[in-house]
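Lettering of chains follows the sequences in order, A, B, ..., and the numbering in each one begins at 1.
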Number of protein chains: 4
Amino acid sequence: MSFKPAFGKFARFTAPIRRFGASNSARTAVLALGLAAVTAYTVPELQRVAGSWLSACLWSCLGYFAIDSGARAHAAIQAGRGWSHIFSVSAFIDLLGVVAVPIALLCGVQSTTAWLLASFWVLKLAQDSPGFAQLQRVFVVEAKALASVFALFLIVLFLSSAAMYLIERAAQPNAFSSMPQALWWAVVTLTTTGYGDKVPITYLGRLIGGIVMICGIATFGLSTGILATGFAAETRRRNFIRTWDLVGKVPFFQSLDPAAIADITHMLRLLEVPERTAIIRRGKVGDCMYFIASGEVQVDVKPSPVRLGAGAFFGELALLGDSVRSANVTTTTASSLLILDLADFRTLTANHPDLRRAIDEEGQRRMNENIQRRERQPAGGTYSA
Amino acid sequence: MSFKPAFGKFARFTAPIRRFGASNSARTAVLALGLAAVTAYTVPELQRVAGSWLSACLWSCLGYFAIDSGARAHAAIQAGRGWSHIFSVSAFIDLLGVVAVPIALLCGVQSTTAWLLASFWVLKLAQDSPGFAQLQRVFVVEAKALASVFALFLIVLFLSSAAMYLIERAAQPNAFSSMPQALWWAVVTLTTTGYGDKVPITYLGRLIGGIVMICGIATFGLSTGILATGFAAETRRRNFIRTWDLVGKVPFFQSLDPAAIADITHMLRLLEVPERTAIIRRGKVGDCMYFIASGEVQVDVKPSPVRLGAGAFFGELALLGDSVRSANVTTTTASSLLILDLADFRTLTANHPDLRRAIDEEGQRRMNENIQRRERQPAGGTYSA
Amino acid sequence: MSFKPAFGKFARFTAPIRRFGASNSARTAVLALGLAAVTAYTVPELQRVAGSWLSACLWSCLGYFAIDSGARAHAAIQAGRGWSHIFSVSAFIDLLGVVAVPIALLCGVQSTTAWLLASFWVLKLAQDSPGFAQLQRVFVVEAKALASVFALFLIVLFLSSAAMYLIERAAQPNAFSSMPQALWWAVVTLTTTGYGDKVPITYLGRLIGGIVMICGIATFGLSTGILATGFAAETRRRNFIRTWDLVGKVPFFQSLDPAAIADITHMLRLLEVPERTAIIRRGKVGDCMYFIASGEVQVDVKPSPVRLGAGAFFGELALLGDSVRSANVTTTTASSLLILDLADFRTLTANHPDLRRAIDEEGQRRMNENIQRRERQPAGGTYSA
Amino acid sequence: MSFKPAFGKFARFTAPIRRFGASNSARTAVLALGLAAVTAYTVPELQRVAGSWLSACLWSCLGYFAIDSGARAHAAIQAGRGWSHIFSVSAFIDLLGVVAVPIALLCGVQSTTAWLLASFWVLKLAQDSPGFAQLQRVFVVEAKALASVFALFLIVLFLSSAAMYLIERAAQPNAFSSMPQALWWAVVTLTTTGYGDKVPITYLGRLIGGIVMICGIATFGLSTGILATGFAAETRRRNFIRTWDLVGKVPFFQSLDPAAIADITHMLRLLEVPERTAIIRRGKVGDCMYFIASGEVQVDVKPSPVRLGAGAFFGELALLGDSVRSANVTTTTASSLLILDLADFRTLTANHPDLRRAIDEEGQRRMNENIQRRERQPAGGTYSA
């Protein structure tokens with residue numbers, strides 16, 4: 001009995017398992033399991049009762065991540081991105097998750113402590129996430145402003161600590177015995193955490209404490225203001241970029257002049273929908289229309305459903321007249337839809353009357369087609385949702 | 001004596017009570033009473049002293065909610081929305097409020113514990129509230145961004161817990177005896193709650209504690225930035241949609257070109273006013289004008305008051321010349337008013353001179369009419385407020 | 001010796017004192033003194049040592065506020081606003097500050113307790129403050145959105161309390177003995193205050209505690225988002241209204257078309273300056289120009305200073321060429337200035353080339369005038385700062 | 001042996017050291033060292049073990065700051081800004097850092113206490129920082145609004161303290177023995193710090209406590225809203241001003257009409273890059289293009305790198321077609337670059353088709369040049385990154 005056919009059989013047999021194992025859901029589930037096991041492993045009672053089970057679970061997770069990391073590296077090399085993958089943060093997180101614990105164990109670190117290094121698995125949450133890239137960009141763009149707030153934070157921290165140490169050390173020789181103690185009080189107070197393990201008791205100390213707390217509110221306010229400003233700009237920017245390329249794929253918009261396209265791109269919102277997902281439910285109140293950038297949807301009209309492909313639009317009837325959806329719409333494949341909100345639709349059609357006319361004409365065309373389809377049944381049916 | 005006439009008499013007799021009982025004020029009052037009773041019922045002293053009274057009160061509230069839920073279901077079925085009502089969140093909240101406690105009591109749960117389930121009544125605050133729908137939409141639209149912040153939160157949480165457990169367990173074997181203990185410390189610190197039940201005491205532990213607190217500020221800032229961005233967009237969007245339909249009902253705006261209508265729709269703010277409510281008080285400084293989308297108002301001018309119906313506008317005199325209101329204006333029926341702010345009025349009339357001219361002409365017309373009315377007293381009177 | 005001349009003499013003699021006494025600084029000083037005395041009066045040691053002094057101080061403040069309130073009421077009656085004053089919140093605050101303590105003392109309340117009522121004096125901070133009116137408007141306009149967040153707050157509060165009471169009462173029969181105790185824990189946690197007087201100790205309780213804290217961050221974020229959105233809109237609106245009337249007084253803008261005036265009104269910022277205050281200091285880097293809406297300024301140019309009255313502008317040289325201020329500018333009387341920022345100046349002149357030309361021409365005219373003035377010294381001098 | 005040549009030799013020998021010593025990195029490092037030494041000096045154990053080392057370190061830092069302050073004053077005098085420097089905040093901070101400790105020591109203050117005054121060194125973080133100037137402007141512009149929020153804060157603080165003192169003093173005679181004690185509770189609660197050293201225990205006290213916490217959220221929200229609004233406006237304004245002057249230096253923009261220049265100035269973002277820094281890395285996805293306002297960059301194209309000077313642009317290929325960068329770009333000297341984001345590029349070229357044409361033509365020109373360069377190797381090479 002040769003080895004290859006047996007392996008082929010095995011490969012065929014395990015294909016669905018492997019496909020599932022490589023899915024995001026599986027990774028997330030293993031991640032959750034692994035972190036839970038890491039946590040549980042540090043509880044003495046649980047370790048006594050179920051130590052070997054937890055250990056097995058941890059090793060399994062480690063194994064899974066090793067295979068997963070290998071597969072990702074393999075895929076990157078196949079795609080010719082080998083070197084750029086190796087030096088990426090993502091690959092480093094993969095590596096850390098796989099080798100940290102074994103190395104620690106080999107170095108003779110006690111197993112309870114060594115498995116704590118598996119906490120680095122939590123970093124996988126940040127891997128390849130577009131949302132993280134966005135947050136990171138906000139921090140990069142606003143770095144200078146945030147640094148100024150942090151400097152302000154440090155100034156208040158240090159001066160208030162020195163003052164507090166001077167004022168309170170006589171009254172509370174233990175709690176404020178040195179600057180590091182006072183600094184700890186200051187950071188706990190300035191961030192408005194307020195553990196209460198060190199509290200000023202003199203009048204002057206409390207006055208300074210109150211000022212530090214108010215500075216804390218200002219610190220919160222400034223950093224929030226900076227992050228909010230940066231985040232709003234970044235969201236606008238990112239949405240525009242993601243939408244722009246897709247707008248070009250919708251023939252409907254191609255007749256518009258460039259300024260109108262830029263306008264509409266600012267208004268559209270991208271929605272990625274997996275296959276077989278309901279987008280519109282009949283009878284619900286509609287407040288947006290959809291353009292199909294890629295993929296396909298099925299409109300459940302009588303007598304037989306109609307399919308709309310990339311470039312088509314649907315859901316416009318709810319914006320033009322009656323606001324109740326007249327048919328169910330479901331994706332047949334994973335699709336990218338561009339959503340145009342009711343409010344934006346109105347602003348847009350008010351400023352670009354030709355756009356309104358084009359939508360009306362398309363609606364009319366569908367209506368006519370519809371009548372013809374009904375006449376040559378069973379192929380016909382209204383299909384504007 | 002037949003049953004039907006007696007019931008009819010009873011129905012007539014109790015009509016006002018039933019009408020009041022179905023009002024929002026009654027629901028809110030019963031809700032407040034019920035929640036207060038649930039709270040009081042758990043206090044041993046109160047239960048001993050007034051246990052039966054509280055019990056009666058709780059059962060009454062439950063009865064009220066049962067009748068109210070039934071009435072709502074009945075109304076939904078009458079309106080042909082039976083099925084969609086049954087599967088709605090609102091109906092589930094109604095059901096939960098009615099059946100949870102009886103089922104628990106039937107299952108033999110102790111009465112003090114069973115009545116705790118009446119806490120679900122508080123969910124009625126969220127039922128059919130447009131504000132909640134708005135908040136929910138903000139969370140849905142910003143879901144990805146919030147998920148990224150939450151992932152960041154989890155990463156900081158887990159890594160800092162592991163570090164803290166490693167660092168502090170020697171110094172405080174009780175407080176940081178395991179990862180779950182350290183996780184509790186981390187969540188209390190990262191949200192800047194700071195109970196103070198677990199506090200790092202080593203230098204390194206406090207350094208990490210300080211970093212976690214600063215991460216807490218960043219988490220606050222990012223989530224606030226996301227929610228603020230989302231909320232501002234949603235408010236603009238919602239106001240536009242609510243206003244747009246009403247703008248169409250004001251003949252005054254129909255002469256404008258679509259772009260101007262879109263402009264003005266962004267500026268108007270909708271105000272729903274109950275009947276017999278004062279809108280303008282004579283002598284106050286005015287900073288907005290009103291368009292009546294639906295309903296009717298009465299302008300208290302001498303010699304006799306004038307009524308203005310849907311499509312009319314008032315309060316424009318304060319924007320054109322003198323800023324003091326010259327007459328009281330009160331609604332006669334529940335009305336929908338569109339408010340145009342002074343600042344927006346000026347921007348608008350600057351960009352659309354024809355609008356200014358139309359308002360001036362209308363004012364002139366009223367003035368003339370006024371003079372005529374005064375001549376043929378007692379029917380006349382100025383009525384621009 | 002008749003009474004009237006003696007009173008006249010007294011009135012003349014005390015006029016400056018009375019004028020100072022009616023000033024805002026005096027009111028604020030008396031308010032600070034009064035509140036400090038109220039605070040000090042409750043400290044047993046201070047009362048023992050300086051009780052009569054504090055008492056005298058409190059009575060003096062009360063006397064001052066009585067005279068001040070009377071003067072304000074008198075002024076209101078003189079101005080024909082008597083009735084509207086009497087029913088105003090401001091008059092109520094005045095009244096409360098004067099009569100609350102005496103009434104309490106007459107009713108036999110102990111003096112330490114009675115003087116606590118003088119705490120109402122702090123409300124005078126809110127009297128007649130335009131900033132407060134602005135904050136109030138934000139709360140009014142955003143009332144519905146804030147109510148939704150508050151309802152969310154109540155739902156989380158109540159459900160988490162019920163859950164916590166159920167979970168923790170066995171483990172901590174004292175801390176979580178009833179729902180009110182659990183509610184107190186929930187409000188302390190949900191606002192992220194975190195006293196630490198009640199802390200969950202079971203695993204499940206801590207899980208719920210963590211969720212409540214995260215809900216607390218969401219509550220913070222939502223309410224901040226709402227208030228920030230409302231505040232930004234209100235600031236824009238208020239600035240426009242305050243600026244608009246003044247823009248009309250500057251002849252320079254009158255040649256512009258209405259749309260340009262609306263544009264410029266959005267950009268200008270109002271600055272109220274008391275008399276004899278430096279606005280521009282020679283040698284500083286300038287990043288804005290000023291239009292005088294009312295009042296007068298003095299430009300300290302050689303050989304003799306020049307005065308510019310309402311309608312004039314200054315400081316434009318720093319925007320046109322060299323950015324360093326070339327002369328000191330000081331107000332001679334209380335003035336209202338409209339500030340045009342460098343960034344807005346550039347945007348504005350880019351969009352309205354005629355405006356740029358007008359400013360250039362005016363500058364040229366001044367330069368020429370300047371040369372002529374120098375020729376017929378000592379009256380001449382450059383006066384563009 | 002004469003003194004002068006020896007000094008010259010010494011000056012030449014120490015030039016690099018002095019240059020490094022005057023750099024920002026050196027100042028920051030000394031600052032960090034100094035503050036660490038100040039902190040360590042207050043810890044009794046460290047003082048006992050390494051007191052003389054710490055003392056030496058502190059004196060060295062003081063010496064460094066003395067020399068540095070002198071050099072700065074000298075430079076200011078050289079530049080003719082002597083007087084304005086002497087009266088600046090920056091000079092005061094320099095002076096305070098140098099003389100505070102020696103004066104204290106001369107006055108006979110104990111050395112541990114005297115060195116606490118070296119905490120003022122932390123103020124050097126704020127010296128000459130543009131970010132601080134920006135934060136300061138936000139506080140100045142929003143001063144009135146922040147004052148209103150602070151007044152609201154004081155009102156809630158004082159009224160709640162009075163109420164709490166009244167309610168809790170019977171139940172907790174020690175914790176709430178006087179108004180100052182209650183004020184401390186109020187400030188700790190209103191800022192949501194929540195030490196837990198004073199906690200209400202009566203029902204009424206807890207109700208008021210809850211209200212104060214909710215007011216705390218409102219205070220946070222309002223001040224954050226104000227600061228966020230102010231910060232967003234200030235950021236926009238500052239970016240415009242910094243960018244405007246540089247836009248004039250790029251010949252490419254000079255052909256545009258002023259309105260388009262104002263538009264583009266709002267979109268560009270300034271980036272100051274030190275010498276020999278990578279700006280674009282080959283193979284990365286590009287989402288912006290760069291204009292060189294000043295400085296020079298090197299494009300690493302084959303066969304030999306090309307240098308681009310002030311006025312040139314690069315990185316546009318990623319915006320026009322393929323989004324992957326085709327070459328590394330590095331600065332050769334410290335440069336000011338203007339970044340135009342992909343989203344803004346598209347909006348801009350949509351509204352100004354001539355701009356798009358100009359960029360295309362320039363690209364075409366480069367391509368042709370490129371071909372010619374390749375033909376006459378080794379001087380040629382594509383250099384559009």
query = What are the two closest non-hydrogen atoms of B/Phe139 and C/Ala218, and how far apart are they?
reply = CZ-CB, 4.5 Å

remark   = When the 4.5 angstrom heavy-atom criterion is applied to C/Leu222 and chain B, the contacting part is both

note = Closest heavy-atom pair, B/Trp184 versus C/Gly210, reported as atoms and distance to 0.1 Å, is CZ3-N, 4.1 Å

key: Contact origin within B/Thr229 toward chain C - heavy atom pairs under 4.5 Å   = neither

query = At a heavy-atom separation under 4.5 Å, does B/Leu183 approach chain C through its side chain, its backbone, both, or neither?
reply = neither

Contacting moiety of B/Arg269, where chain C heavy atoms sit under 4.5 Å = side chain

task = Below 4.5 Å from any heavy atom of chain B, which atoms of C/Arg238 appear? Answer side chain, backbone, both or neither.
result = neither

inquiry  = What part of B/Leu135 gets within 4.5 angstrom of chain C, counting heavy atoms only: side chain, backbone, both, or neither?
reply    = side chain

ask   = If you look at every heavy atom in C/Arg237 and B/Ala343, which pair is closest and at what distance?
value = O-CB, 4.1 Å

query = If you measure from CE on C/Met179 to CG on B/Leu35, what distance do you get to the nearest 0.5 Å?
reply = 8.0 Å

inquiry  = Test your reading of the model: is there a side-chain donor-acceptor pair from B/Thr42 to the backbone of C/Ser178, 3.5 Å cut-off?
reply    = no

ask   = Is there a donor-acceptor contact under 3.5 Å linking the side chains of B/Thr113 and C/Arg169?
value = yes

request  = To the nearest 0.5 angstrom, please state how far the OG1 atom of B/Thr235 sits from the CD atom of C/Glu142.
outcome  = 6.0 Å

key: Aromatic ring proximity, centroids under 6.0 angstrom, C/Phe220 and B/Phe220   = yes

